[in-house]
Amino acid sequence: MPTLSLEPPVTHVLASGPDRLRSSAKAEDLERHSCVMFLRYEWIEDSLKEGKLMPPDPYRLIVHNTSIEKSLTSSTTTTATVAVGCLQMLIAPIAGPQKLNHKGKEESGALGEVVSSMIGKEGKQKKGRGGESDSEEERTKEEDCRGDILTRYLGTTAPAAADALEPCSTSLNTHITRILWELHDLYEGVLDDGNRALIYRKVASEIDKLSYKVTSASQLDKMEGIGQSTRVKIKEILRTGKLEMLEVLLANPKVSVLQLFMSVWGIGPKTATEMYNRGYRTLEDLKRESSLERMPRLGLKYYADILQRIPRVEAVELEKVVVGVAKELYPGVLAQATGSFRRGKASCGDIDFVISHPDGNSHRGLLAKLVARLTDIQFISDGLQDRSRGPQAPGHYEVDTYMGLCKLQGARHYRRIDIKVYPIRAHPFGLLHFTGNDIFNRRIRELAKKKGYKLNDHGLFPTVGEGQNIRSGTESIPCATEREILEKLGMPYLEPHERNW
DNA sequence: AGGCAATACTG
DNA sequence: CAGTAT
DNA sequence: GCCT
């Protein structure tokens with residue numbers, strides 16, 4: 001691993017998240033060099049967007065809870081020198097025209113130069129990736145004691161959080177994984193085979209995590225989850241640089257139209273195909289289709305906004321609004337943003353809230369009041385569901401859900417927002433569920449099942465009965481915290497940022 | 001060959 | 001119920 | 001498409 005030089009003239013170190021810093025550099029080094037600011041890479045993105053250097057505070061990475069935070073609070077320099085290198089932790093690409101030496105110092109100190117080279121590389125964002133199904137992960141080796149336990153129970157170790165860096169921006173193996181990710185997107189979408197998509201997602205993210213460049217398929221032999229079929233594809237990629245099958249698919253104009261249609265919130269494979277068969281080819285065409293229902297209508301109306309990711313700094317503000325209003329209406333309320341925000345991602349596809357009240361009663365009717373108030377202050381604009389039917393849950397679990405759109409005063413974009421209100425007994429389960437990510441959820445539910453439980457977002461239910469009439473009980477095992485839930489499953493606690501699987 | 005998490009809302 | 005969503 |  002290249003060593004990171006933190007000597008002057010380096011003033012800022014950008015990373016995708018705290019773990020990346022922790023795993024890439026010795027803690028002592030970080031402390032010793034506390035004259036350097038450690039920031040999320042959004043800082044430089046936003047700085048470019050705003051045309052000036054942004055204040056560092058909202059972007060700070062808490063590394064040790066100690067020295068980093070108190071360092072250099074105010075002295076915003078007029079130019080920023082970004083240290084580059086340090087494995088894959090930094091945004092600026094190593095290769096390319098910019099002058100970056102091997103030690104990881106940026107020589108000229110020109111903000112624009114570094115940033116512009118970054119922009120070229122960042123590029124692509126698609127539905128199905130980078131959305132809530134955050135499939136951009138990156139791992140560095142981190143052998144702590146929990147690794148063994150996790151391996152034993154789940155057959156894998158938790159990755160260090162990678163936050164929202166696209167795999168393309170950091171991986172040494174994009175020559176392979178770019179194609180695998182495309183296959184994932186296709187199966188997830190047009191080809192309508194989620195299970196197969198899952199395989200590609202898993203393989204691609206595993207390969208993206210490797211710290212060496214793969215030059216031969218045999219290097220992947222020990223990697224589980226790769227079978228005959230994938231191996232053959234990777235061989236072809238290594239041999240020819242491409243995959244015939246993918247080329248053929250992508251050359252098919254129908255495929256791109258379907259993908260376009262499915263990028264609209266509320267349109268899935270079936271509807272996309274239906275619209276294609278009716279002769280539609282563009283989003284403008286779709287707007288003319290009267291049969292489209294509530295969800296896709298709103299999806300079209302807010303198409304461009306919904307596609308935009310939410311920078312973490314903005315998500316922080318969104319959280320303040322919702323939590324603030326909730327507390328004002330219901331003192332003592334438990335309210336927080338979950339989802340990829342809670343997992344520490346640098347940007348989020350949407351923002352999810354989980355709310356409950358410790359008094360065991362106030363959750364009833366809370367959501368309606370909260371939504372009314374948020375609408376009053378013109379924070380919430382449209383609801384994506386028709387709430388008039390009331391909760392439809394079979395066991396009437398008293399879970400209340402809102403899905404809609406919101407906007408900060410003066411902000412550029414409307415944002416997707418989900419709010420769920422739980423009775424207090426189910427709160428930790430709701431939290432666990434909506435913090436995700438989806439892969440993590442699947443694994444712990446699979447584990448729960450193996451251990452004779454059913455885990456969902458409102459409880460942990462022992463499986464009762466045998467043989468034919470095997471079913472789950474109706475009484476959840478009580479758990480007051482997420483930690484307890486994981487303990488009951490025999491798992492060590494994982495911080496939210498450790499759940500980016 | 002069958003499972004792959006488990007559930008809510010819409011029309 | 002099928003479709004889309006989380 | 002992988003695992004059991």
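Numbers restart at 1 for each chain; the letters A, B, ... are given by sequence-line order, proteins then strands. In what follows, every heavy atom counts, from backbone to side chain, and hydrogens, waters and symmetry copies are set aside.
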Asks: Give the rounded distance in Å between these two atoms: CE of A:Met275 and P of C:dT4.
Replies: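 Between P of C:dT4 and CE of A:Met275: 10 Å.
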Asks: Which residues pass the side chain to side chain contact (heavy atoms under 4.5 Å, CB included) test with A:Thr282, not counting sequence neighbours?
Replies: A:Glu284, A:Asp285
Asks: What's the closest nucleotide to the side chain of A:Gln385 if the choices are B:dA5, C:dT6, B:dT10?
Replies: B:dT10
Asks: Let me know the distance between CD1 of A:Ile199 and P of B:dG3, rounded to the nearest Å.
Replies: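 A:Ile199 atom CD1 is separated from B:dG3 atom P by 16 Å.
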Asks: Please identify the 5'-most and 3'-most nucleotides of DNA chain D with any atom under 4.0 angstrom from a heavy atom of chain A.
Replies: D:dG1 to D:dC3
Asks: Which part of the nucleic acid does A:Leu455 contact within heavy-atom distance under 4.0 Å: base, sugar-phosphate only, or nothing?
Replies: sugar-phosphate
Asks: If you look at every strand shown and take non-hydrogen atoms under 4.0 Å, does A:Arg416 touch a base, only sugar-phosphate, or nothing?
Replies: sugar-phosphate
Asks: Report the nucleotide, chosen from C:dT4, B:dT7, B:dA5, that has the shortest atom-to-atom distance to any side-chain atom of A:Lys449.
Replies: B:dA5
Asks: Whole angstroms only, please: what is the NE2-P distance between A:His433 and B:dA6?
Replies: 12 Å
Asks: Rounded to the nearest angstrom, tell me the gap between atom CG in A:Asp386 and atom P in B:dG11.
Replies: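 Checked: the CG to P distance equals 6 Å.
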Asks: Could you give the distance separating B:dA5 and D:dT4 at their P atoms, to the nearest angstrom?
Replies: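 D:dT4 and B:dA5 have their P atoms separated by 14 Å.
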Asks: Report which part of the nucleic acid A:Asp193 touches: base, sugar-phosphate, or nothing (heavy-atom distance under 4.0 Å, all strands).
Replies: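 Here A:Asp193 touches no strand at all.
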Asks: So, OP1 or OP2 of B:dT7: does either fall under 4.0 Å of a side-chain N or O from A:Arg445?
Replies: no
Asks: Determine, for A:Arg483 against A:Glu487, whether the closest basic-nitrogen to carboxylate-oxygen distance falls under 4.0 angstrom.
Replies: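 No salt bridge links A:Arg483 with A:Glu487.
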Asks: Could you check whether A:Asp305 pairs with A:Arg416 (Lys NZ or Arg NE/NH1/NH2 to Asp/Glu carboxylate O, under 4.0 Å)?
Replies: no
Asks: Using OP1 and OP2 only, check whether a side-chain N or O of A:Thr271 sits under 4.0 Å from C:dT4.
Replies: yes
Asks: Rounded to the nearest angstrom, tell me the gap between atom CG in A:Asp438 and atom P in B:dA6.
Replies: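 From A:Asp438 CG to B:dA6 P: 14 Å.
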Asks: Who passes side chain to side chain donor-acceptor pair (under 3.5 Å) against A:Glu482, sequence neighbours left out?
Replies: A:Arg342, A:Arg499
Asks: Once you apply a heavy-atom cut-off of 4.0 Å, does A:Asn441 come out as touching a base, just sugar-phosphate, or nothing?
Replies: nothing
Asks: Name the nucleic acid region contacted by A:Lys202, choosing base, sugar-phosphate or nothing; use a 4.0 angstrom heavy-atom cut-off, strictly under.
Replies: nothing
Asks: What donor-acceptor contacts under 3.5 angstrom involve side-chain atoms of residues 370-383 of chain A, with partners at least two apart or in another chain?
Replies:
from, atom 1, to, atom 2, distance (Å)
A:Thr375, OG1, A:Val371, O, 2.6
A:Ser381, OG, A:Leu405, O, 3.4
A:Asp382, OD1, A:Tyr302, OH, 2.3

Asks: When the distance from CG of A:Leu460 to P of B:dT7 is rounded to whole Å, what number comes out?
Replies: 12 Å
Asks: Could you state the atom-to-atom distance from CG of A:Leu300 to P of C:dT4 in whole Å?
Replies: 14 Å
Asks: Using a 3.5 Å cut-off and no angle test, enumerate the donor-acceptor pairs between side-chain atoms of residues 189-200 of chain A and protein atoms at least two apart in sequence or in another chain.
Replies:
from, atom 1, to, atom 2, distance (Å)
A:Asp193, OD1, A:Asn195, N, 3.3
A:Asp193, OD1, A:Arg196, N, 3.1
A:Asp193, OD2, A:Arg196, NE, 3.2

Asks: Excluding sequence neighbours, so at least two apart, what forms side chain to side chain contact (heavy atoms under 4.5 Å, CB included) with A:Val257?
Replies: A:Phe261, A:Tyr276, A:Arg281
Asks: Which nucleotide in the list B:dG11, C:dA5, B:dA5 gets nearest to the side chain of A:Trp265?
Replies: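 Of all the options, the side chain of A:Trp265 is nearest to C:dA5.
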Asks: Do the side-chain N and O atoms of A:Thr177 and A:Asp208 include a donor-acceptor pair separated by under 3.5 angstrom?
Replies: yes
Asks: Using a cut-off of 4.0 Å on non-hydrogen atoms, how would the nucleic acid contact of A:Pro296 be classed: base, sugar-phosphate, or nothing?
Replies: nothing
Asks: To the nearest angstrom, how far is A:Leu298 atom CG from B:dC9 atom P?
Replies: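 For the pair A:Leu298 CG and B:dC9 P, the rounded distance is 17 Å.
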